[in-house]
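All remarks here apply to the structure that follows.
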Amino acid sequence: MRKGILGFAAVSVAAALSLTACGGDDDGGSGGDKQGKIGVILPDTASSDRYESFDRPYLEQAFKAAGVQYDIQNAEGSTQRFQTIADQMITNGATVLVLDGIDSNSAAAVQRKAQAGGVKTIDYDRLALGGVSDYYVSFDNAKVGEELGKGLQKCLGDKNANIAYLNGAPTDNNATLFAQGAHSVLDKVTTYKKVAEQAVPEWDNQRAATIFEQMWTQQGGKIDGVLAANDGVGNSAISILKKNGAAGKVPVTGQDATLQGLQNILDGNQCMTVYKPIKQEADAAAKLAIAVLKGEKPETTGTVNDPEGKRDVPSVLLAPIGVFKENVKQVVDDGFVKKDDLCKGDYAAKCKAAGIE
Ligand code: BGC
């Protein structure tokens, strides 16, 4: 089942890549090479559905509407590939790079190289610590963490509860902020006790399942709530809870409002997800990139501090939304997921019960 889904993803990624290559080159004839080109590099396809299902199509839409030349590629989790793609994009005339780095170090290296060649860079979603990007576009990631914490608290109530934390990749600055935000809420609840906490390398879902299974065994099943940093990691925890007959009894959080996450919520196996309207993020990044491409000064809404580089990066930060069973409808109404996809088969009745008609 899992294999099938991954297989399909790989095919659609390949198709999307080749489509973009043509689309990007044929498009935006206005100005030709002098105008330059925007290159976007997404990190992977395995840690979240968001990159190929949402980020890519929304960015594509925005660039097409503006009639600029662009090229969007996915590094498939390889930092080496990330570097190679960046080099190729610069060789092929990119003057602005929008980067969603796999980890801070490799993304910062790409930024330094780009800067040396006069190419501007924008951090997209993840801030490359110690980097030299010109701008940063993301959601307020500490706030995302707070939504996760508040969400778990809402699902648990104030009873005594043992909490296990499954954080994101230790090399992803967002994951650090998600954990900090969650702790800022949950550590204040005196009836809660942290019994386990671990980062999931590369946000790898398989490893998340192994890590959670170990936690479960070590605690003798005495885990009452799981702070999982995204829907994929949350689903891994749910798979172990299912094995132990505890799914639906132990609230699990998530992030990205993926189809799987939303269906887990409708099933009652996941307590909430954090919905980040990625269209807003893609539109903001595209707007910024286009302004930079045209040599204009883009609008930002604030700054984000890079503690490693000791600098403030001009930024646009957007607001995340906590989604529970009672407002899954909002994600559908927003056009983020299609009702037909979410409410297939067994989910038709569950959608109806959640007010999605
Ligand atoms: C993103 C999340 C995503 C995770 C794994 C984070 O940096 O903000 O939306 O789920 O990476 O890809």
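Counting starts at 1 for both ligands and their atoms, following the listed order.
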Do the side chains of Arg50 and Glu281 get close enough for a salt bridge, i.e. N-O under 4.0 angstrom? yes
Rounded to the nearest 0.5 angstrom, the CG-OG1 distance for Leu317 and Thr301 is 6.0 Å
Asp267 (side chain) donor-acceptor with Asn269 (main chain) under 3.5 angstrom: no
Partner of Gln111 under side chain to side chain donor-acceptor pair (under 3.5 Å), picked from Asp123, Asp134, Thr121, is Asp123
Looking only at atom types and distance, does a side-chain atom of Ser236 sit under 3.5 Å from a main-chain N or O of Gly232, one as donor and one as acceptor? yes
How would you list, by chain and number, the residues with a heavy atom under 4.0 angstrom from ligand 1? Ser47, Ser48, Arg50, Tyr51, Asp125, Arg126, Asp172, Asn174, Phe178, Trp203, Asn230, Gln255, Asp256, Lys276
Phe54-Phe336 aromatic ring centre distance below 6.0 Å: yes
